[in-house]
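Below, chain A is the first sequence line, B the second, and so on; all start at residue 1. No experiment lies behind these values; they were computed from the predicted model shown.
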Protein chains: 2
Amino acid sequence: MATNIHDVAKAAGVSVATVSKVLNGYTTVNANTKERVLQIVKELQFYPNSAARSLVGRRSMTIGIFLTTGLAHPFFTQILSGMEQALKSLGYDLIYLAQMSRAKEYSFVHHCHSRNVEGVVVFGFQQEEMSFDELIESGIPTLFIDLDIKKGRAGYISSDNHEAVERAIRYLIDLNHHRISFLSGNKDSYANRQRLEGYRSGLAEAEIPYREDYVSEGDFTREMGYQAMNKLLALAEPPTAVVCCSDMSAVGAMEAIQDAGLSVPEDISLIGFDDIEIASNIRPALTTTRQDMITIGRRSIELLDELIKDKELPPPEVIIPTELIIRKSTGPAKG
Amino acid sequence: MATNIHDVAKAAGVSVATVSKVLNGYTTVNANTKERVLQIVKELQFYPNSAARSLVGRRSMTIGIFLTTGLAHPFFTQILSGMEQALKSLGYDLIYLAQMSRAKEYSFVHHCHSRNVEGVVVFGFQQEEMSFDELIESGIPTLFIDLDIKKGRAGYISSDNHEAVERAIRYLIDLNHHRISFLSGNKDSYANRQRLEGYRSGLAEAEIPYREDYVSEGDFTREMGYQAMNKLLALAEPPTAVVCCSDMSAVGAMEAIQDAGLSVPEDISLIGFDDIEIASNIRPALTTTRQDMITIGRRSIELLDELIKDKELPPPEVIIPTELIIRKSTGPAKG
DNA sequence: TTGTACGCGTTATCAA
DNA sequence: TTGATAACGCGTACAA
C-alpha cells in the first residue's frame, strides 16, 4: 500500500541497504547515488515506516505524556503549545497513552515499553498522591513539571515559585504593608511549599515576624478563598494585604472582602497567582504572578531530549522566572 | 530488555504461536494451556510490542489528532477530555503528529502512514483556510469536528448550531423582542453559517423580516464585539436584543452598550455562545448557549472507531444538541 | 490442539 | 562504495 524502501531501491536501481544508508546520513555512499536516491524518495514521497524502524532498535521518536489529573491542569494548553514548538524542531511525535482503567494490573511503564516510548513528560496538580517509583526505576527518561523529583533519569522543571511570592511580599512591603497574609494552596504540593518558603523569607527580609494565624491552609479553589478570607477578617488584627496561591482563590477572597463591606485595595490589598483570564476581567483587576508556561512546555521537551540522547546526563533541575503583573487590586497600606 | 513473546512461550512451555493465539482471543486453544499462558503473561507483565504488531499488518490502535489552529481552540481540553473516555474504553492511544514546518514537502498523510495511524480526528476553527483533499483522498478514516465534510471515509460531528440560535431567537421573541440583531462570527466557518441560518429561520418563524443592517460581520473576538455593537447602536432604529456568536464578542458588546450609557438587559438584551467561564462571572451574568463538547469529543472517537472497523460504513454526520443557559443578560423588551 | 516457519519494513553487519 | 542477509517481535497460514 504505502511505498516502502524496496520500491525506492528498485526505482533508484540500488539495494535497500544503500537507500537506508542515504536516509540515515551515512557518509559511505557515493554523492551521485545519494542524490539519485534522494530524488526518488521525493518523487515517491517515501516516509520510512516508524514501526519497522523502532522494531530494529532504532529510535521511535515518540515521547509519552502522562497527566496526573486528566486534562484539568489550568495551563494544559499553554504547556502543550510550548511543547509543540520543541517537538517540531526535534522531530518527535507526542503520544497520549490512554490508561486502561479496567485492567487492575495496568502498568504505565509497560505501556511505554510496548509503545517504544523514548521519554515521558509528567504533569498535573495532584502529583503528591501518586507513586512514581515504578516509572523512575524503569529508567525511562522522565521530566516532571512542577514536581521536584530528581533521581536516576528523572528530572524536573518548574516556575520560580519561591522568588515569585518573595517578590510579591517585597512589593507589598514597599507599599507599606506589615500585616501580610498567605492564603496557601494544597499543602503537600511542591509549588505550594516553595511559595510558602518565599512568603517566610520575604517577611524575614523585612524583619517582620511570621504569624501562624496569617497563613491559612486550603486548596486552589474559589470557595476555599472565600472561607479562608472570612477567617482572616475575623481576626482581632486582620491583615492589610493577602497573597493568594491562585487567582481563583483570590477571586473568592475578594468576594469575602466585599461581602464584609470592605473594599479592595483601599482596605485590603490582594495578590493572586497564575494570571488566568479572570484576573484581568474582574473589578478591580487583579495584581498577580504570571508563570511562563509556554517556556516550561518547550524546555521540558528540550531537556527530555537531552536526557534521552545522553545516558550519563545528570537529571536536570530547571527553574523558570515568573513575572509580577501589577493591576488594581494592590495599593498603599491604610494610615 | 522488555520481555517478549518468546520469554512467555518458554516459561509456559508452549510455542510462541500458542501464546499469540491466547493473546488474540483464538478459540482453538485448550482451556488449560490458555490459563497457564495467561498466568505467565501476568507474572512476567508481558505487553506485546505494538511496533511489531502493527508491522505484521495487525491494528496499531493509534488515532492521530490534527489541530488546524494549534491549541487555540476554546474547547480543546473539553473535547480532549471527552475523547479520553472513548480512547480508554476502546483501547486506542492518541498521537499528536508534530508537523514538520521546515520540510516544504511535508505531508500529513504520509506522516500518518509512516506512523500506522488508523484514523484521524481534525478540529480547530480556521478550517476554511485549509485543504483537506489529500487527507480525504488518502482514504484514512477521518472525523471532522465542526466542519461539514462528508466524503469517502470522512465524516463529521458538530453542535446543533442552527437549532441553538433559532432557540435563542424564539426565547427573545417570547420576551417580546422584535428588533433582534445577529453578531456574526467568521463568515465562512461551518458553525457560523449554521447559526446564521438559525437566525433567519427563527425570525421567519415569527414572521419578522430579515434586515441586512442587523447582521454584522466579524470574528469571535471581544474587540470585534465592541465595534460591531457600536455600529448597531448608531442605527436609526437600534436592536433591542443581540445574539452573539461567542461569549467573548458578547462581552465586547456589553462594554459598548455600557459605554454608551445604556444597560443590559434593561435597554438591550444580550445572548452569547459557548458558556465559557467569563459568561457566569461577568455582571450581568450572560445568557448563552452551552455546547456539549465532552460528548462531541467522546462521540468523535466512537464514530471514528466504527469508521475504522467497517470499511463500507457510510461516513457519519452527527449533530449534538445544545442547551440555552438563561442568566441575567436577557429580559423583556422595553415598552 | 499445537508447533514450524514465513513475512511485515527497516537497520546493521559483513563480505564483495 | 555497494549489496546480501540476519535480526527486531509478532501474527498467521499451514503442517503435524
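For A/Val16, the side chain to side chain contact (heavy atoms under 4.5 Å, CB included) partners two or more places apart in sequence, or in a different chain, are A/Ile5, A/His6, A/Ala9. Scored by the side chain to side chain contact (heavy atoms under 4.5 Å, CB included) test, B/Thr77 finds A/Leu71, A/Phe76, A/Thr77 as partners (sequence neighbours excluded). Evaluation of the side chain to side chain contact (heavy atoms under 4.5 Å, CB included) rule for B/Glu35 yields no partner, not counting sequence neighbours. Remark: A/Asn32 pairs with A/Asn30 by the side chain to side chain contact (heavy atoms under 4.5 Å, CB included) rule, at least two apart or across chains. Remark: B/Thr18 engages B/Ser15 in a side chain to side chain donor-acceptor pair (under 3.5 Å) (not counting sequence neighbours). Residues passing the ring pair (Phe, Tyr, Trp, His ring centres under 6.0 Å) test with B/Phe66 are B/Phe108, sequence neighbours excluded. For A/Arg53, the salt bridge (Lys or Arg N to Asp or Glu O under 4.0 Å) criterion is met by no residue, not counting sequence neighbours.
Of the residues in residues 47-54 of chain B, not one comes within less than 4.0 Å of DNA chain C through any heavy atom. Listed in residue order, the members of residues 13-20 of chain B having a heavy atom less than 4.0 Å from DNA chain D are B/Ala17, B/Ser20. At a non-hydrogen distance threshold of 4.0 Å, B/Val29, B/Asn30, B/Thr33 from residues 29-43 of chain B come into contact with DNA chain C.
One atom, CG of B/Asn4, and another, P of D/dC10, lie 5 Å apart when rounded to the nearest Å. In this structure, B/Lys10 atom NZ and C/dG3 atom C1' are separated by 16 Å, rounded to whole Å. What separates CG of B/Leu55 from P of C/dT11 is a distance of 12 Å, to the nearest Å. The CG-P distance, from A/Leu23 to C/dT11, rounds to 6 Å in whole Å. Following rounding to the nearest Å, A/Ile5 (CD1) and D/dA4 (P) show an atom-to-atom distance of 14 Å. In this structure, A/His6 atom NE2 and D/dA4 atom P are separated by 10 Å, rounded to whole Å. The distance from atom NZ of A/Lys21 to atom P of C/dA12 is 10 Å, rounded to the nearest whole Å. The distance from atom CG of B/Asn24 to atom C1' of D/dT12 is 10 Å, rounded to the nearest whole Å.
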Take B/Phe144 and B/Tyr190, measure what ring pair (Phe, Tyr, Trp, His ring centres under 6.0 Å) needs, and give me the verdict at the end.
-> CA-CA 11 Å; B/Phe144 291 92; B/Tyr190 165 68; over 10 Å; no

Full working for side-chain contact (heavy atoms from CB on, under 4.5 Å) between B/Phe123 and B/Ile65 | CA-CA 8 Å; B/Phe123 72 92; B/Ile65 183 166; 3.9 Å; yes

Could you go through the side-chain contact (heavy atoms from CB on, under 4.5 Å) check for A/Leu97 and A/Ile95 one step at a time?
-> CA-CA 6 Å; A/Leu97 306 178; A/Ile95 192 164; 3.9 Å; yes

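Between D/dT12 and B/Tyr26, a contact under 4.0 Å exists linking OP1 or OP2 to a side-chain N or O.
The minimum heavy-atom distance between A/Ile40 and A/Ala12, with the atom names listed, is CG1-CB, 3.9 Å.
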Let me have DNA chain D in dot-bracket notation, would you? Count Watson-Crick plus G-U wobble pairs, both distances under 3.5 Å, and use [ ] for pairs crossing earlier ones and | for inter-strand partners.
-> ||||||||||||||||

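Side chain of A/Asn4 to backbone of A/Asp7: a donor-acceptor contact under 3.5 angstrom is found. A donor-acceptor pair under 3.5 Å is absent between the side-chain atoms of A/Asn186 and the main chain of A/Asp188, judged by distance alone.
For residues 29-50 of chain A, the set of pairs meeting the ring-ring contact (aromatic ring centres under 6.0 Å, His included) definition, not counting sequence neighbours, comprises A/Tyr47-B/His110.
Here D/dC8 is the nucleotide among D/dG9, D/dC8, C/dA12 with the atom lying nearest to any side-chain atom of A/Val56.
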